[in-house]
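The structure appears right after this line, and notes come after that.
Bear in mind the structure is a predicted one, so any value in this text is a computation, not a measurement. The figures here come from the full heavy-atom set of this structure, side chains too, leaving out hydrogens, waters and symmetry mates.
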Amino acid sequence: MTNEIIDSEKLFAGPCDFMLSVAHLSQLPEPLLPEVAFVGRSNVGKSSLVNALTGRKTLAKTSNTPGRTQQLNFFNLGDLLYLVDLPGYGYAKVSKSLSKDWNKLIRNYLRGRVNLRCVFVLVDARHGLKDSDRDIMKLLDESAVPYRIIFTKADKQKNETLSVLKGKAEEELKKHPASYPEIYKTSARAKDGLTEMRALISSFA
């Protein structure tokens, strides 16, 4: 385990470059490297987590306004792995037609990307699983795409409440065939859980 953590820390301390933004599946890069994707409700902290993991402040653009990420944003991690930051689903304040286009793009990408090794479904630790999260989980189950639930903003939740929400979610995951049973807790602001996440992500490289 120690070697894995050391290797992962070196990987994330090295080059990580923005590649491109994808608005249509025809624009997807060639599937030359393994890929992991971050998906979750609008404003759950996907971009903040990508920045925290890579030790950069502006690699992925963040905003307090839901719906800032409007395309699939690809990042090249040391020529070993692609990181993909997906548009948020849920309550983004955008037109219904644009929201529909985003959801279609997300769903088609998740269904058909051959080099996609794992999807990290980010869930706000203050709220736990929502129906919109369950919709994505159902899609991933049906598409046989492995995924993990990651609690974000864990520093903003009381430990006792967080343990209850985590326990309920892990119990629910037993009914989902494509999910991993363990839930990771992270905080981009407090830097909690980042070492474990880096080691986990590196295992797919």
Side-chain angles (χ1 to χ4, degrees), residues 11 16-47 49-50 53-54 59-61 66-92 94-123 129-150 152 172-184 197 200-205:
L11 174 62
C16 185
D17 301 310
F18 172 76
M19 293 173 57
L20 79 165
S21 293
V22 171
H24 305 284
L25 292 183
S26 60
Q27 300 170 336
L28 286 172
E30 291 294 321
L32 302 176
L33 296 177
E35 203 161 281
V36 298
F38 299 82
V39 67
R41 287 173 58 82
S42 296
N43 220 29
V44 74
K46 296 183 301 298
S47 300
L49 183 58
V50 170
L53 288 169
T54 57
L59 181 67
K61 295 181 179 179
R68 177 63 184 268
T69 302
Q70 300 181 7
Q71 299 175 328
L72 310 182
N73 291 322
F74 281 74
F75 305 92
N76 184 330
L77 182 61
D79 286 330
L80 291 175
L81 194 70
Y82 293 152
L83 308 180
V84 191
D85 184 13
L86 276 66
Y89 51 80
Y91 58 80
V94 296
S95 68
K96 289 184 178 180
S97 61
L98 183 55
S99 179
K100 183 178 179 180
D101 289 343
W102 288 359
N103 287 331
K104 183 178 179 181
L105 176 65
I106 292 170
R107 289 174 177 274
N108 287 339
Y109 163 76
L110 293 176
R111 277 196 192 102
R113 190 67 169 162
V114 295
N115 59 326
L116 184 58
R117 296 292 183 264
C118 187
V119 174
F120 298 110
V121 181
L122 273 52
V123 174
L129 289 173
K130 297 285 189 179
D131 286 342
S132 53
D133 301 315
R134 296 181 178 96
D135 288 341
I136 288 294
M137 292 161 62
K138 181 180 179 182
L139 170 69
L140 294 169
D141 287 332
E142 293 171 348
S143 304
V145 177
Y147 63 94
R148 288 181 179 267
I149 302 298
I150 309 296
T152 61
E172 188 171 336
L173 287 180
K174 294 178 181 179
K175 304 174 185 177
H176 293 270
S179 72
Y180 288 84
E182 182 184 4
I183 291 176
Y184 279 55
M197 279 294 298
L200 173 61
I201 293 170
S202 298
S203 70
F204 296 106

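- Counting heavy atoms from C-beta outward, Y82 and N76 have side chains that approach closer than 4.5 Å.
- In this structure, the separation between CG on L86 and CG on L105 is 7.5 Å, given to the nearest 0.5 Å.
- Note that the OG atom of S179 and the CG atom of D141 stand 6.5 Å from one another [nearest 0.5 Å].
- Counting only heavy atoms from C-beta outward, the side chains of I201 and L83 approach each other to under 4.5 Å.
- A pairwise comparison of heavy atoms in P87 and L72 identifies CD-CD2, 3.6 Å as the closest pair.
- In this structure F18 satisfies the ring pair (Phe, Tyr, Trp, His ring centres under 6.0 Å) test together with F75, sequence neighbours excluded.
- Between I183 and V123 the shortest side-chain heavy-atom distance does not fall below 4.5 Å.
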Donor-acceptor contacts, no H, no angles, side chain residues 108-117, under 3.5 Å, sequence neighbours left out:
| from | atom 1 | to | atom 2 | distance (Å) |
| --- | --- | --- | --- | --- |
| N108 | OD1 | R111 | NH1 | 3.4 |
| N108 | ND2 | K104 | O | 3.3 |
| Y109 | OH | E35 | OE2 | 2.7 |
| R113 | NE | E35 | OE1 | 3.3 |
| R113 | NE | E35 | OE2 | 2.8 |
| R113 | NE | N115 | OD1 | 3.0 |
| R113 | NH1 | P29 | O | 3.1 |
| R113 | NH2 | P29 | O | 2.9 |
| R113 | NH2 | E35 | OE1 | 3.0 |
| N115 | ND2 | L33 | O | 2.6 |
| N115 | ND2 | E35 | OE1 | 3.1 |
| R117 | NH1 | N115 | O | 3.3 |

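- Among all heavy-atom pairs drawn from F74 and L28, the shortest one is CZ-CD2, 3.5 Å.
- By the ring pair (Phe, Tyr, Trp, His ring centres under 6.0 Å) test, Y147 is found to be paired with no residue, residues two or more places apart in sequence or in another chain being considered.
- Residues R107 and D135 approach most closely at NH2-CB, 3.9 Å, considering heavy atoms.
- Side-chain atoms of V119 and P146, non-hydrogen and from C-beta on, never get closer than 4.5 Å to each other.
- Scored by the side-chain contact (heavy atoms from CB on, under 4.5 Å) test, K130 finds R41, H127, S132, D133 as partners (sequence neighbours excluded).
- Considering only residues two or more places apart in sequence or on other chains, Q27 meets the side chain to side chain donor-acceptor pair (under 3.5 Å) condition with none of them.
- Of all non-hydrogen atoms in I150 and M197, the two that sit nearest each other are CD1-SD, 3.6 Å.
- Here the SG-CG distance, from C118 to L200, works out to 6.5 Å after rounding to the nearest 0.5 Å.
- With rounding to the nearest 0.5 angstrom, the CG atom of D17 is 8.0 Å from the CG atom of L59.
- K174 pairs by the side chain to side chain donor-acceptor pair (under 3.5 Å) definition with E171, not counting sequence neighbours.
- The main-chain N or O of V44 is found under 3.5 Å from a side-chain atom of T152 such that the two form a donor-acceptor pair.
- Rounding to the nearest 0.5 angstrom, the gap separating the CG atom in L49 from the OG1 atom in T54 is 9.0 Å.
- Residues G40 and K46 come closest through the heavy atom pair N-CD, 3.5 Å.
- E142 is linked by a side-chain contact (heavy atoms from CB on, under 4.5 Å) to K138, counting only residues two or more places apart in sequence or in another chain.
- Taking the ring pair (Phe, Tyr, Trp, His ring centres under 6.0 Å) definition, one finds that F38 meets it with F120, sequence neighbours left out.
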